[in-house]
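Okay, so here's the structure we're looking at.
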Amino acid sequence: MTLSMTRLIPLACLGALALFATGCSKPEPPRFHLNVVAAVKARVGAPTQQQVANILTALYGTPDQPRLPPEVPFKEALIARAAGPVASDIHGRKVGLYREHCVHCHGISGDGMGPTAAFLNPYPRDYRMGVFKFKATEGKEMPTDSDLNKVLEEGIPGTSMPSFRMLAAEDRQALVEYVKYLSLRGQTELNMYDTVNDFLTIDEAAGTAKPDSLDKSVLSDMYAPFAGKWKDAAEKILPAGTVPEDFISNNQKYVELGHKLYFDKASANCQQCHGTSALGDGQLTGYDDWTKLVNDAITVADNEGNKARSADLALIKEFSLKPRNIIPRNLRSGIYRGGRRPIDLYYRIMAGINGSGMPAHNTLLKTEEERWAIVAYVLNLPYQAGGALAFEQEQIAPSRETN
Amino acid sequence: MSKYWSLMALTTLIFGALCFMVAPTTWFWDKPMWLPADYSEHGGEIDKLFYFILALTGVVFLATEFILFYFMWKYDANVNKQPVVYSHGSHSLEIVWTIIPAATLLFIAIVQFNSWAESKMQNPMYGADGIAGTDDDMQPTVEVTARQWEWRIRYPGADGRLGTPDDIFDVNELHVPANENVVVSLKSSDVLHSFFIPNLRVKQDAVPA
Amino acid sequence: MPAPPGELTCNKDEGTCCREKLIDNSLVVGSGNGVANVFVFLRSKGKTPVRVHEDYAKKEGTEVVLDNVKCMFQPHCAAVWTKQKLMIKNSDPVGHNTKYDSSIQGFNDLLNVGGAALEKTFKAGENKPAGISCSIHPWMQGKLLVRDNPYFAITNDQGEFEIPNMPAGEELEISFWHERNEKLTKASGDLQLKGGVLKVKLAENQTTEAAFVFDPAEFGGK
């Protein structure tokens, strides 16, 4: 056959497509970012930051090749499965789970500042402070594996965190281990900023920072307290009494007692923050822990004695999301972020919600009856008049004729 | 090689037919790329419609492509040296090939009336009188609220009524009784979502507000 | 001389909290330019435990009180030894909560009205003071330092402090910390700071008095 232009063009197009299908050169592998806001707050200069970054890489590896410091009780095999680029093996078993499911909101370093984060309310969690809200452990302890798994399985209603129940349980466990890994890395970094003089010799005039002898015990001090806290989490579960037997049958009694305690200044006094109508309008000017870090960094950077003032402020702006106030929960909405079982509410109220302003009530409410009364009252609020869960409208399409 | 373009046209015919022949098999993939298993009562109606249209359009497709190939082969410029003939068209041919497709489409439209009515309108949900909004309507078995990016599910609980403190909440896992009519009250809390259960041949948009 | 302190925004429980103007007490300067609320503490070097003078034995088990008075922390800055107890009280007719932002032993507990004091003991010393705050009244801020040795002090209104009975004959590293800019690094006067710490060796029975003059920039001024 003759090869004219009209025959050549479609063949050439097919050929070009085939070439592009094989892909371009490999992109650069992603890298962890430093917690720049915390570095500015701790007034840690660039040479010191570089040393910190080197040590973190030595201890924790990179997003594609993670590793664990010695004697950290996390499961390396699962972390390896969750890390790295998205791929699947010959049997269809997925790897790179974190990058597939989480990174677009939670960021490659677990900083809660992925590409979609700025559009979300509330912002995704920044794991790097080791502060988690929805857990069964006391006060400011770490969450257990089961707490983190529950978040993945149930999602967090009222936020953009969806449920990952459609993933296999082993995939979820791999993601839990990876989140713990990112969190421990972040906690180590924050600790290092507080203790730079313990392991670096810093010459501010020359602008250099050199590591002193970084033997095992010095390195271990950087992460061991936090690894220990993660390890102990399972033992720090708040001792919760069991739900009283008459909780459902005699629910009204508990609701009435809870109502009384809600407004009682000598007791739980919930109305101070959650408002007299329980709409969460009692205190609207607070900040959560993550935003406080940003605000504190701004305070440190923003004083006239700081020679790098505008540079520091620009850095903070680049590496943080716009600060927002934290609002106490609207208890009439019927949306319970940490779970809606009575025991979930018990944990939220008695242990407090770490990272937020919600304090622990277990030192104050001493009897089980009082504690479950508050839980019963909170669970009942959305079904009272005007509450969001009362089923008021006719759900089936209305007929055109009405009687 | 002469008749290059006619052979290109033949590939469409062969490739198209091969796709449909290979799709339901597992020769190249783990699961057959065909209709999912049907566990519903009314799903058969919809499947029948699909097969009917597939057969009809398949036959027409094969015929049309073959005719295209045949004429390209027969009248290829390298082989056929007869001069071009300009015809004034054929009035009767035009009528025939307008009326037959129109009739076919009308036929398809009428045939599917029943399927549509059965699955969307003559609904056990409306009770014995078949009128929506009257007292004998079925109460929702479950309320499904779509939100980005999950399904929030609420069951009426022991008292059988939604909106009472004994409601049961779940996410992403819908449990319904087998062999019973089920009414799903479908809502969305943010944008349009499509509530699609392939194995029950159910698809309905969840509309916000 | 730094600018006069600003006023805090008082927007909750006005009847109790906002009767008097609430002054920002993050920088308190006495007459004679003495800076109050500076934490002075001995840095523990490595793992060797610090030799504690036997005089401090009577300090063991004593209480350090942190009170909520008129919706401000009283005192604004507190320091406690791991062998002491922190007692948190609420002397106001409104509820408060006390949140301590330590990364290893933080807490956030509710204080009701007219209730007993909350007792807190700490298991480990910390590297630097951490924040104390109230979520119900967000302007309430303070600092708490927890140390595993008793060699610490907080400067008073005139900027004076005293740490008795420090270990003699060895090189001590002393840190200065103020909430405005955290670690104080630039000082002139009697003794020099190097790398943010004061290195000093005290002989037996020597009492060293020194005046530390800090650059006002350390406190956020010009």
Side-chain angles (χ1 to χ4, degrees), chain A residues 41-43 129-131 138-140 187 190-191 194-198 201-204 217-218 221 225-226 228-229 264-269 272-273 282-287 289 292 296 299-300 302-307 325-326 328 351-354 356-365, chain C residues 9 11-13 26 43 45-47 88 93-116 118-120 124 126-128 130-131 133-139 173 175 179-183 185-186 195-197 215-222:
Chain A
K41 177 174 174 241
R43 291 188 297 155
M129 286 171 71
V131 171
E138 292 170 349
K140 285 170 171 281
Q187 290 170 296
L190 291 175
N191 189 28
D194 284 342
T195 57
V196 272
N197 290 104
D198 286 351
T201 307
I202 304 176
D203 185 341
E204 282 199 13
S217 72
V218 173
D221 280 346
F226 308 105
K229 284 195 92 178
D264 186 0
K265 273 198 206 160
S267 179
N269 202 10
Q272 267 197 301
C273 283
Q283 175 50 270
L284 302 170
T285 62
Y287 293 103
D289 284 7
K292 271 210 203 107
D296 287 350
T299 308
V300 166
D302 191 22
N303 81 74
E304 293 145 16
N306 180 8
K307 293 194 198 74
N325 290 109
I326 186 172
I353 299 179
N354 197 9
S356 76
M358 176 70 177
H361 289 58
N362 58 342
T363 43
L364 199 71
L365 296 172
Chain C
T9 318
N11 55 14
K12 181 80 186 162
D13 290 325
S26 59
R43 281 186 70 220
K45 288 211 295 211
K47 299 276 203 297
I88 308 179
V94 293
H96 287 289
N97 69 300
T98 303
K99 186 164 184 262
Y100 175 48
D101 286 325
S102 144
S103 57
I104 19 174
Q105 48 196 354
F107 57 83
N108 181 358
D109 281 311
L110 188 65
L111 301 168
N112 62 348
V113 174
L118 192 60
E119 180 183 312
K120 288 283 176 194
E126 306 215 3
N127 289 318
K128 60 180 186 114
S133 58
C134 173
S135 320
I136 308 175
H137 310 97
W139 65 83
E173 289 187 5
S175 251
E179 67 186 88
R180 272 287 178 96
N181 262 345
E182 306 220 341
K183 205 150 78 152
T185 51
K186 295 192 188 64
V197 290
D215 188 338
E218 298 275 285
F219 302 100
K222 277 197 276 281

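This is a predicted model, so every value here is computed, not measured. So you know, we letter chains A, B, ... as the sequences are listed, proteins then strands, and number each from 1.
Within the 4.5 angstrom heavy-atom criterion, no atom of C/T9 approaches chain A. Only the side chain of C/L118 comes within contact range of chain A, judged by heavy atoms closer than 4.5 Å. With a 4.5 Å cut-off on non-hydrogen atoms, A/T201 does not touch chain C at all. Using a 4.5 Å cut-off between heavy atoms, A/N191 touches chain C through its side chain atoms alone. At a 4.5 Å heavy-atom cutoff, the contact between C/N127 and chain A is made by side-chain atoms alone.
Across A/S217, A/A268, A/A42, A/G357, the residue that shares the most heavy-atom pairs under 4.5 angstrom with chain C is A/G357. Ranking A/V300, A/V131, A/D194 against chain C, the residue ahead of the rest is A/D194, based on heavy-atom pairs under 4.5 Å. For the set A/Q272, A/M129, A/K265, A/Q187, the count of heavy-atom pairs under 4.5 angstrom toward chain C peaks at A/Q272. Per-residue counts of heavy-atom pairs under 4.5 Å with chain C were compared for A/A360, A/G352, A/G286; the largest is that of A/A360. The greatest number of non-hydrogen atom pairs below 4.5 Å with chain A, out of C/S102, C/A116, C/G106, is found for C/G106. Counting heavy-atom pairs closer than 4.5 Å to chain A, the top residue among C/G114, C/P93, C/S103 is C/S103.
Contacts of A/D198 classified as salt bridge (Lys or Arg N to Asp or Glu O under 4.0 Å), with partners at least two apart in sequence or in another chain: C/R43. Residues satisfying the ring-ring contact (aromatic ring centres under 6.0 Å, His included) test with A/F226, not counting sequence neighbours, are none.
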Q: Step by step, work out the side chain to side chain contact (heavy atoms under 4.5 Å, CB included) result for C/F107 and A/T363.
A: CA-CA 11 Å; C/F107 57 83; A/T363 43; over 6 Å; no

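Annotation: the span from A/I353 atom CD1 to C/S135 atom OG amounts to 11.0 Å, rounded to 0.5 Å. Atoms CG and OG1, from C/L110 and C/T98 in turn, are 9.0 Å apart once rounded to the nearest 0.5 Å. Atom CG of C/N108 sits about 9.5 Å away from atom NE2 of A/H361, to the nearest 0.5 Å. With rounding to the nearest 0.5 angstrom, the CG atom of C/N11 is 4.0 Å from the OG1 atom of A/T285.
A salt bridge links A/D289 to A/K140: at least one charged side-chain nitrogen sits closer than 4.0 Å to a carboxylate oxygen.
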